[in-house]
Structure formats: structure tokens, C-alpha cells
Amino acid sequence: MLHHELEIQLKAVVAKIVPDADLASVLVRPCPDPKFGDYQSSALMAIAKARKMNPRQLATQVVEQLDVSRSCEKVEIAGPGFLNFRIKHTALNETLNKIAGADQLVEPAAKPKTYVIDFSSPNVAKPMHVGHIRSTGIGDAIQRVLRLLGHNVITDNHIGDWGTQFGILLVGWATASVSGEDIAEATDPIERLNFWYKELHAACSGDEGAVERLNQKLEGTNLQSSDNRFHQTSLQDWVRQELVRLQQGKGQQRQIWESIREISQKQFDEIYSRLGVKFDQTLGESFYNPQLAGVVEDLQKRGIARESEGAVAVFSDGSMPPKEDPFLVSRDGEWVPDPALIRKRDGGFNYMTTDLATIDYRLKTWSPDEIVYVVDDRQGPHFKKLFLTFARWQPDAAAKVKLRHVGFGKILGDDGKPFKTRSGDTVKLGDLLDEAEQRARKIVEEKNQSLSEAERREVARVVGIGAIKYADLAPNRQTDYVFSWDKMLAFQGNTAPYLQYAYTRIRSIFRKAAEDGIAVDAAVPIAATEPDELALAKHLLNFGLTLEYVVEDYRPNYLCSYLYELAGFYSRFYESCPVLKSDEPQRGSRLRLCELAGRILKQGLNALGIETLEQM
RNA sequence: GCGCCGGUAGCUCAAUUGGAUAGAGCUUCUGACUUCGGAUCAGAAGGUUGGGGGUUCGAGUCCCUCCCGGCGCACCA
């Protein structure tokens with residue numbers, strides 16, 4: 001709020017003095033160190049440099065014409081040409097009271113945009129695993145922050161519900177079926193599907209033991225092969241046939257496919273409900289099947305794709321240097337084509353084709369300003385190819401939309417290798433959440449014996465899930481991070497439990513106040529005067545700004561840091577400034593400051609998809 | 001081989017157009033308790049930001065080069 005005003009005024013003055021300056025670069029930011037002031041701008045130095053001007057001279061000129069006396073002390077020019085702004089206490093309190101009195105803690109964006117956020121995207125017939133936490137958590141946080149800033153958001157879960165794996169799944173289903181197993185009715189159908197997938201996959205890859213087990217299951221059934229015994233090749237044929245029948249779209253295969261989808265969706269819903277994640281759309285890969293042939297045809301017609309070795313592929317158009325061209329790869333010192341396949345030799349389509357059709361559909365359906373893909377960093381090259389191919393296919397449409405891959409790194413175990421169970425399997429997401437809740441419960445039971453059973457369960461849930469989510473959001477998304485139960489569940493440091501605890505401490509003041517018959521009067525204005533309450537107050541001012549930083553480069557960790565600092569400022573204030581023990585009107589003012597800090601902490605955590613508790 | 005991403009305190013991680021003295025937590029040491037929830041707070045110690053060179057008033061951030069690690073490189077997604 002105050003910050004925006006300063007920025008607008010500074011831009012206006014710069015525009016007057018240096019008419020050709022790029023005003024987008026004229027930014028005001030919080031000071032890294034309070035000794036310099038509250039806000040600073042380093043923009044003038046860059047502007048002066050580009051024009052070979054003396055930066056301090058320019059700064060002096062700007063300051064002479066800049067009148068921010070309503071909200072700031074005298075503007076200081078520091079170092080080589082920084083502008084330092086110090087907020088007047090009157091303006092600080094006034095702004096804070098405005099925020100505290102409004103329904104919304106955040107000013108909505110001046111120009112709301114429409115975003116499609118593509119995240120989570122689990123595969124059908126497989127258990128969701130630890131790898132899905134990143135896309136799901138980061139995507140959900142981005143989605144929440146955008147909405148909080150007043151943008152229009154469509155979340156779309158692009159589930160993997162189509163592809164060659166269905167040949168194997170269909171054979172597995174049939175085999176289970178004749179050997180008396182009804183997967184749909186199993187206690188854990190996903191586990192069974194996964195079991196059969198692995199068995200068949202092993203058998204098709206030539207694992208003799210798996211082939212033998214399969215033949216035993218099929219012995220004496222109507223699924224036996226002509227010579228009463230399946231072999232690797234006859235199995236592969238069977239798998240192919242099932243897939244073709246599914247693709248032809250009718251009959252039993254289609255029904256089984258539907259069942260598998262339903263089973264899987266049930267699992268997804270269960271996990272998402274535990275995580276508190278919702279999607280506006282769940283348009284899986286299969287949704288785009290009808291468009292795929294047309295996409296390929298169109299790309300061929302326009303000369304963007306051509307046949308190659310029986311497949312249809314998009315090659316480099318030579319419009320960029322080889323090093324930057326994702327359609328080229330160097331082999332033995334030569335740049336050779338690394339095309340994007342859009343139709344396989346067998347006539348099937350792959351995910352490049354689906355993704356192209358998906359962009360096309362999203363643009364036609366929602367006209368978004370931006371489509372954000374929250375997907376593993378390893379798929380970077382794929383998205384580069386995808387975005388470039390789309391731009392060549394539909395240049396006009398592509399010019400109107402920003403396509404953005406928001407990548408992230410891996411979760412590692414404490415051995416520095418990808419996080420696995422002790423036996424080396426991938427960790428199922430459901431199991432992970434269970435363990436988080438169990439561990440949180442143990443800690444809660446140690447620390448607070450006065451909770452009822454129901455309260456314990458609720459605290460364990462909120463703290464456990466929150467800890468996992470926060471541990472995933474707090475590091476820079478692009479770096480790999482080491483998964484550690486002890487660290488994420490610690491009550492010290494930048495963790496969810498610490499922040500949730502800070503919140504309960506704030507809330508407990510109000511319980512205590514009620515017990516003592518002290519009412520919180522919203523008419524009493526906040527009037528911060530002491531150093532620690534001024535520091536807290538100033539930090540509270542920057543909530544909206546922080547959300548803007550988050551959205552700028554899709555980095556939820558900025559919000560984590562902000563909230564962690566907020567908790568720190570609050571604790572310091574709490575130590576040095578008595579609230580309930582002070583006299584009116586200071587007591588009323590401080591209560592309102594506590595209230596605002598609590599609201600911002602809660603809303604901030606909520607924007608990360610993390611719940612808060614009144615007590616824990 | 002080529003490309004992408006990383007390498008920051010003993011450990012786990014930050015660092016917002018290139019900005020001011022690179023910050024936290026853990027660990028170690030020292031303080032604050034008839035506590036508004038001590039599940040807390042204050043202080044100290046800990047760094048050649050992998051090495052070297054360059055651009056700049058200013059580099060963890062940009063450029064070049066080398067070393068180390070991870071990942072990706074035609075019909076899986």
C-alpha cells in the first residue's frame with residue numbers, strides 16, 4: 001500500500017527527469033537492513049549507468065522533485081545512489097489501521113489475469129507417491145496465492161489416463177479375472193493393479209519366472225494360448241491386441257478402462273482431500289484423444305512436421321543457434337536432429353501430441369493470459385519443444401499467451417539419493433501422510449497432555465500434513481532437498497509447527513483476554529510506538545508485496561520466509577511489549593496489532609495450503 | 001560427447017530488476033523463568049559463496065574457463 005504509493009511517485013518523477021527511462025525497472029523494495037530505512041530503490045543507479053550520468057547527481061535531482069513527506073521522513077541518498085525511505089509512524093499506523101479495518105488483507109491486482117495451472121498429474125492405476133507431493137503442493141500454493149491476489153484461476157489435473165501401459169493393464173485385469181480375483185472389489189485395488197502391471201511387465205520383458213507364474217494362473221482357463229503356453233512374444237502380441245481394441249474404443253476393454261479410471265480417481269480424491277487440494281478440472285490425457293489425429297495432420301499440412309523413419313516428427317526450423325535449439329543435440333561433435341515425435345511408427349500418439357492438443361483446447365476454452373505447468377525440472381527440454389512447436393503451429397494464439405514451465409528438483413533421502421523406503425521402494429504418498437500424522441501425534445502428546453482424544457487427532461493431522469507441505473515449499477523449488485522428519489516437525493526454525501505454534505500463541509492472548517473480561521475493541525486504533533512493535537507493524541505492511549514476489553517467479557518460499565520472519569517479529573514484540581498487562585489505550589492497540597498479525601499469519605499459511613489451530 | 005540444473009557456515013537450507021556488512025535453523029557456548037502458552041526470546045562462535053579469470057561504482061547472482069555432483073538426450077510420460 002504505502003510501498004505502491006512510493007513507487008508510483010518515484011516513477012512519476014523519474015519519467016519527468018529521464019523521459020526515456022524504462023519505468024518498469026523503477027522499483028521500490030523493502031530494505032535488506034532496517035538501519036538503511038524501511039524501503040529503498042536502487043533503480044536510479046542503473047538508469048544513470050545506462051546514460052553515463054552521475055548516479056548521485058541524478059538521485060539528488062530526483063529527491064528534489066519527489067514529495068513523499070506525507071508518508072516518509074526526509075529521503076536519504078546513500079552509497080553510490082540508493083534512495084532510502086523511512087516511513088513516518090503516523091503513516092505506518094494509519095495504513096495498518098486501514099488494512100486491519102478492511103475485509104481483505106490484500107489489495108487485489110490492478111489488472112486481474114486468467115491463469116490455467118496444470119499440476120499434480122498423477123498416473124492412473126499407480127499409487128500416488130512421494131514424487132507427487134512437489135507438483136501438488138507447489139501448484140496448489142501458486143494457485144492459492146494467485147486467487148488471493150484476485151486473479152482468475154483454472155486448476156486442471158492433467159492425469160495420465162491413456163497410453164501404452166493400458167495394454168499391459170488390460171491383460172493383467174483379464175488374468176486376475178480368470179484366476180478368480182476381482183480387482184475392483186479388492187481392499188486396495190491400486191495395489192493389485194500395480195502388482196499385475198509389474199508381473200506382466202516383467203513377463204513381457206522376458207522374465208521367465210514371471211512367464212511361468214502367469215502360465216500357472218491361466219492353466220485350464222479359456223485364456224490359454226494355442227499351444228497351451230504363453231511365451232514372451234505371444235504375451236507381447238496379446239498386450240498389443242488389447243491396446244488396439246481399447247483404442248478402437250468399444251467393448252469390454254473400454255469398460256475395464258473406465259473401471260481402472262474410477263478406481264484411480266477414488267484414490268486421488270482420498271489423497272487430495274487429506275491434502276486439502278481441489279481442482280476445477282480433471283481433463284486427463286484421454287480427453288484429447290479425438291483431437292490428436294487432426295493435430296498431426298494439421299502440423300504436417302503446414303509443413304511443421306514430417307515423416308521420419310515411419311514416425312511423424314517436428315524438426316528444428318533453424319531459427320536459433322544450435323546450442324539453444326532444443327530440436328538439436330550434439331553427437332560426436334556434430335549437431336544432429338533431436339525431433340519431437342508427434343506420431344509413433346505404429347500410428348499411436350504420444351504426450352507431445354496430447355500436450356499440443358491440450359494447449360489448443362485451453363486457449364479456445366478459457367483464453368488464459370498464462371498457462372503454468374508445475375512439473376519436474378527434468379521435463380524442461382520437453383516443454384521447450386512443446387512451447388516452440390505450438391508457437392510455430394498457432395503463432396497468433398501463441399502471441400497472446402504466456403506458456404510457463406515451473407520446474408522443481410528432487411526429494412532426497414539423508415543418503416543424498418532419491419528418497420526411498422528402507423527396502424528401496426518408492427514411498428507411497430498415503431503412507432507418507434500417515435507417518436507424518438503419527439509422528440506429529442507423538443510429539444503433541446509429549447508436549448500437551450491436556451488435549452482430548454479428538455483434539456489430539458486433529459492437531460496431529462494439521463501439524464503432520466502442514467509439516468510435510470511446508471518442508472516442500474520452504475526451500476527454493478529448483479534445488480533438491482533432503483527429506484527429514486526431525487527437521488520438518490521441529491518447533492524451532494523455519495517449519496510449519498513453529499508457525500502454527502506462533503499462531504496458537506497469538507490466539508491464546510484472546511482467550512486469556514476473554515477470561516479476564518477484556519474485550520477487543522475494533523474502534524481502538526493501532527498506535528505502535530515501541531521499537532519491537534514498530535518492527536512488527538512494518539513487517540505486516542509487506543504481506544501483499546510478498547505475495548506479488550511469489551507470483552512473479554512462482555516461488556512460494558518467499559512467502560515461507562516472510563511468515564517465518566513475521567513469527568520472529570511477533571515473538572520479539574511479545575517478549576518486550578506486555579499486551580494484557582498494559583493500560584488502555586495501549587492494551588487495545590496492542591490487542592489489535594496481535595489480531596492483525598494473527599490474521600496475516602493465518603491467511604499466509606492458508607495461501608500455502610496449510611491449516612492453523614486455535615490450540616495445540 | 002552435447003545440453004540443462006546444482007555446488008553457499010560442521011549439517012539442513014535462504015538470499016526479490018546485479019545492490020549496501022552473504023542470512024536462518026540445527027550443533028556448541030553464554031544469558032533471560034513467581035511465562036499474556038519457555039513448544040519462547042536475547043547474545044557469542046562458525047564463510048576465500050567449488051577453483052581461477054573477466055565485466056561493473058557494486059557479483060553468490062552476469063560472461064569465460066576448469067573441477068565435482070545430479071539429470072536429460074527418437075517412438076514411456
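For clarity, every value in this text was computed on a predicted model and none was experimentally measured. Labels below follow one simple rule: chain letters A, B, ... track the order of the sequence lines, proteins then strands, and each chain is numbered from 1.
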Note to self: Tell me if the side-chain of A/Thr504 makes a donor-acceptor pair with the base of B/A39, cut-off 3.5 Å, by modelled atom types.
What the structure shows: no

Note to self: I'd like to know if A/Glu309 reaches the base of B/A74 with its side chain, counting only an N/O donor and acceptor under 3.5 Å.
What the structure shows: yes

Indicate, with yes or no, if the rings of [X] and [Y] have centres closer together than 6.0 Å.
{"X": "A/Tyr564", "Y": "A/Tyr498", "answer": "yes"}
{"X": "A/Tyr373", "Y": "A/His405", "answer": "no"}
{"X": "A/Phe387", "Y": "A/Phe383", "answer": "yes"}
{"X": "A/Tyr562", "Y": "A/His539", "answer": "yes"}

Looking for any heavy atom pair under 4.0 Å, which part of the strands does [X] touch: base, sugar-phosphate only, or nothing?
{"X": "A/Val482", "value": "sugar-phosphate"}
{"X": "A/Arg511", "value": "base"}
{"X": "A/Gln165", "value": "nothing"}
{"X": "A/Arg378", "value": "sugar-phosphate"}
{"X": "A/Asp338", "value": "sugar-phosphate"}
{"X": "A/Thr479", "value": "sugar-phosphate"}
{"X": "A/Asp377", "value": "nothing"}
{"X": "A/Ser576", "value": "nothing"}
{"X": "A/Pro475", "value": "sugar-phosphate"}
{"X": "A/Tyr574", "value": "base"}

OP1 or OP2 of [N] less than 4.0 angstrom from a side-chain nitrogen or oxygen of [X], does that happen here?
{"X": "A/Arg572", "N": "B/A42", "value": "yes"}
{"X": "A/Ser571", "N": "B/C41", "value": "yes"}
{"X": "A/Arg505", "N": "B/G38", "value": "yes"}
{"X": "A/Tyr498", "N": "B/C41", "value": "yes"}
{"X": "A/Arg331", "N": "B/A74", "value": "yes"}
{"X": "A/Ser561", "N": "B/U16", "value": "no"}

Next item on the list: Go ahead and name the base partner of B/U40; Watson-Crick or wobble counts if both distances stay under 3.5 Å, otherwise write none.
Entry: B/A32

Note to self: Check this for me: A/Lys538, atom NZ, are more than 12 non-hydrogen atoms of other residues, nucleotides or ligands nearer than 6.0 Å?
What the structure shows: yes

Item checked: Presence of salt bridge, A/Lys512 and A/Glu515, under 4.0 angstrom -> no

Checklist line | Candidate nucleotides B/A74, B/C73, B/A77, ranked by approach to the side chain of A/Val329 - the nearest | finding: B/C73

Notebook entry, point to check: Out of B/A15, B/G37, B/G3, which has the shortest distance to the side chain of A/Trp335?
Noted result: B/G3

Next item on the list: Taking only heavy atoms on the protein side, list every residue of residues 541-560 of chain A lying under 4.0 Å from any atom of RNA chain B, sorted numerically.
Entry: A/Tyr549, A/Asn557, A/Tyr558

Next item on the list: Kindly state which residues belonging to residues 484-493 of chain A come within less than 4.0 angstrom of RNA chain B, counting heavy atoms of the residue only, listed by number.
Entry: A/Lys487, A/Phe491, A/Gln492, A/Gly493

Check: According to the interplanar angle, ranging from 0 to 90°, do the rings of A/Phe491 and A/Tyr501 count as parallel (below 30°), tilted (30 to 60°) or perpendicular (above 60°)?
Finding: perpendicular

Check: When the ring planes of A/Phe166 and A/Trp257 are compared, do they come out parallel, tilted or perpendicular, using 30° and 60° as the limits?
Finding: perpendicular

Quickly work out the [X] [atom1] to [N] [atom2] distance and round it to whole Å.
{"X": "A/Tyr570", "N": "B/A42", "atom1": "OH", "atom2": "C1'", "value": "18 Å"}
{"X": "A/Tyr197", "N": "B/A77", "atom1": "OH", "atom2": "C1'", "value": "11 Å"}
{"X": "A/Lys385", "N": "B/G3", "atom1": "NZ", "atom2": "P", "value": "16 Å"}
{"X": "A/Ile47", "N": "B/C57", "atom1": "CD1", "atom2": "C1'", "value": "16 Å"}
{"X": "A/Tyr481", "N": "B/U12", "atom1": "OH", "atom2": "C1'", "value": "12 Å"}
{"X": "A/Glu334", "N": "B/G3", "atom1": "CD", "atom2": "P", "value": "15 Å"}

Notebook entry, point to check: Is the cationic atom of A/Arg404 (NZ for Lys, CZ for Arg) positioned less than 6.0 Å from the six-membered ring centroid of A/Tyr554 and within 45 degrees of its normal?
Noted result: no

Note to self: I want to check a possible cation-pi pair here: A/Arg555 against A/Tyr549, using under 6.0 Å from ring centre and within 45° of the ring axis as the test.
What the structure shows: no

Pairwise N/O distances under 3.5 Å, protein to nucleotides 18-20 of chain B:
from  : atom 1 : to      : atom 2 : distance (Å)
B/G18 : O6     : A/Lys49 : NZ     : 3.1
B/G19 : N7     : A/Ser42 : OG     : 3.4
B/A20 : N7     : A/Gln40 : NE2    : 3.1
B/A20 : N6     : A/Gln40 : NE2    : 3.3
B/A20 : N6     : A/Asn84 : OD1    : 2.5
B/A20 : N1     : A/Asn84 : ND2    : 3.1

Next item on the list: State which residue, out of A/Val75, A/Leu2, A/Asp38, fulfils the side chain to side chain contact (heavy atoms under 4.5 Å, CB included) condition with A/Phe85.
Entry: A/Val75

Notebook entry, point to check: Between A/Tyr470 and A/Asn494, does any side-chain donor sit less than 3.5 Å from a side-chain acceptor?
Noted result: yes

Next item on the list: Take A/Asp355 and A/Tyr288, measure what side-chain hydrogen bond (donor to acceptor under 3.5 Å, both in side chains) needs, and give me the verdict at the end.
Entry: CA-CA 9 Å; A/Asp355 283 355; A/Tyr288 301 96; over 6 Å; no

